[in-house]
Amino acid sequence: MADRPLLIVDGANVVGSVPDGWWRDRRGAAERLRDALVPLAATGLPAGSGIPPWAVGTPIEIVLVVEGAARGVAPVPGVCVESASGSGDDLIARLAAAARDSRPDRPCLVVTADRGLRERVVATGAVCAGPRTVRPR
């Protein structure tokens, strides 16, 4: 999977972007997001505003970062799940930096609406997109 573009998803931010009662079952909401991401591993993202062309219509590696009550969500084929022991933002920033350090030519897209996190990952060379990228309303 190392040749595929990398998609890192800020699970808490994406889940929290739609007021659908996620706060009653944070783990269940993270599992539903994980399951919704599975098809994207094979197909890539749909074309849309702000989606880099290298992430559209091509297989991608997906890492879903979860934190807090959602920690421990299991990975499934197509979606790796990383549980943050502390701040999910810190883990996402570390993953983006590690991706750059290990393969500087590998494209990395981080999905979050968090402005502070966006600044941190853009500094690593990653590109950012909002939650609607993976969770249309």
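These figures come from a predicted structure and were not determined experimentally. Sequence positions, counted from 1, serve as the residue numbers for this chain.
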(Q) Run the side chain to side chain contact (heavy atoms under 4.5 Å, CB included) test against Ala97 and tell me which residues pass, sequence neighbours left out. (A) Arg100, Thr124
Q | Approximate separation, where rounding is to 0.5 Å, of Leu45 CG and Ile60 CD1 | A | 4.5 Å
Q) When Ile, Leu, Val, Met, Phe, Trp and Tyr are grouped by side-chain heavy atoms lying under 4.5 Å apart, directly or through other members, which residues fall in the same group as Val121? A) Leu6, Ile8, Val63, Val65, Leu91, Ile92, Leu95, Val110, Leu117
Q. Closest heavy-atom contact between Ala41 and Gly78?
A. CB-O, 3.4 Å
Q: Write down the atom of Pro46, the atom of Leu40, and the distance for their closest heavy-atom approach.
A: CD-CD2, 4.4 Å
Q. For Trp54, what residues pass the side chain to side chain contact (heavy atoms under 4.5 Å, CB included) criterion, not counting sequence neighbours?
A. Pro5, Pro52, Pro107, Leu109, Val127
Q. Just how far is it from atom CG of Asp10 to atom CG of Asp89, taken to the nearest 0.5 Å?
A. 5.5 Å
Q) Mind checking what makes salt bridge (Lys or Arg N to Asp or Glu O under 4.0 Å) contact with Arg120, not counting sequence neighbours? A) Asp90
Q: Identify the two heavy atoms, one from Trp22 and one from Ala29, that lie closest to each other, and give their separation to 0.1 Å.
A: CB-CB, 3.7 Å
Q: Please determine which of Leu64, Val73, Val9 meets the side chain to side chain contact (heavy atoms under 4.5 Å, CB included) test together with Val79.
A: Leu64
Q: Output every pair passing salt bridge (Lys or Arg N to Asp or Glu O under 4.0 Å) with a member in residues 32-42, not counting sequence neighbours, ordered by first then second residue.
A: none
Q: Please name all residues satisfying salt bridge (Lys or Arg N to Asp or Glu O under 4.0 Å) with Glu67, sequence neighbours left out, ordered by chain then number.
A: none
Q: Determine the minimum heavy-atom distance between Gly88 and Ala84, stating which atoms define it.
A: CA-CB, 3.7 Å
(Q) How close do Ala55 and Ile51 get, counting heavy atoms only, and between which atoms? (A) CB-CG2, 4.4 Å
Q: Output all residues satisfying side-chain hydrogen bond (donor to acceptor under 3.5 Å, both in side chains) with Asp20, sequence neighbours left out; order by chain, then residue number.
A: Arg135
Q. Is the backbone N or O of Gly72 less than 3.5 Å from a side-chain atom of Ser83, with the two atoms forming a donor-acceptor pair by type?
A. yes
Q: May I ask you to test the Asn13-Pro131 pair for a side-chain heavy-atom distance under 4.5 Å?
A: yes
Q) Excluding sequence neighbours, so at least two apart, what forms side chain to side chain contact (heavy atoms under 4.5 Å, CB included) with Val122? A) Cys128
Q.
List the residues meeting salt bridge (Lys or Arg N to Asp or Glu O under 4.0 Å) with Arg27, not counting sequence neighbours, and say none if there are none.
A. Glu31
**Q.** Basic-acidic side-chain contact under 4.0 Å: Arg94, Glu82
**A.** no
Q: Only counting residues at least two apart or in another chain, list the ones meeting side chain to side chain contact (heavy atoms under 4.5 Å, CB included) with Ala36.
A: none
Q: Answer yes or no: is there a donor N or O on one side and an acceptor on the other, between the side chain of Arg106 and the main chain of Arg4, under 3.5 Å?
A: yes
Q: Please list, chain by chain and in numerical order, all residues satisfying side-chain hydrogen bond (donor to acceptor under 3.5 Å, both in side chains) with Asp105, sequence neighbours excluded.
A: Arg103
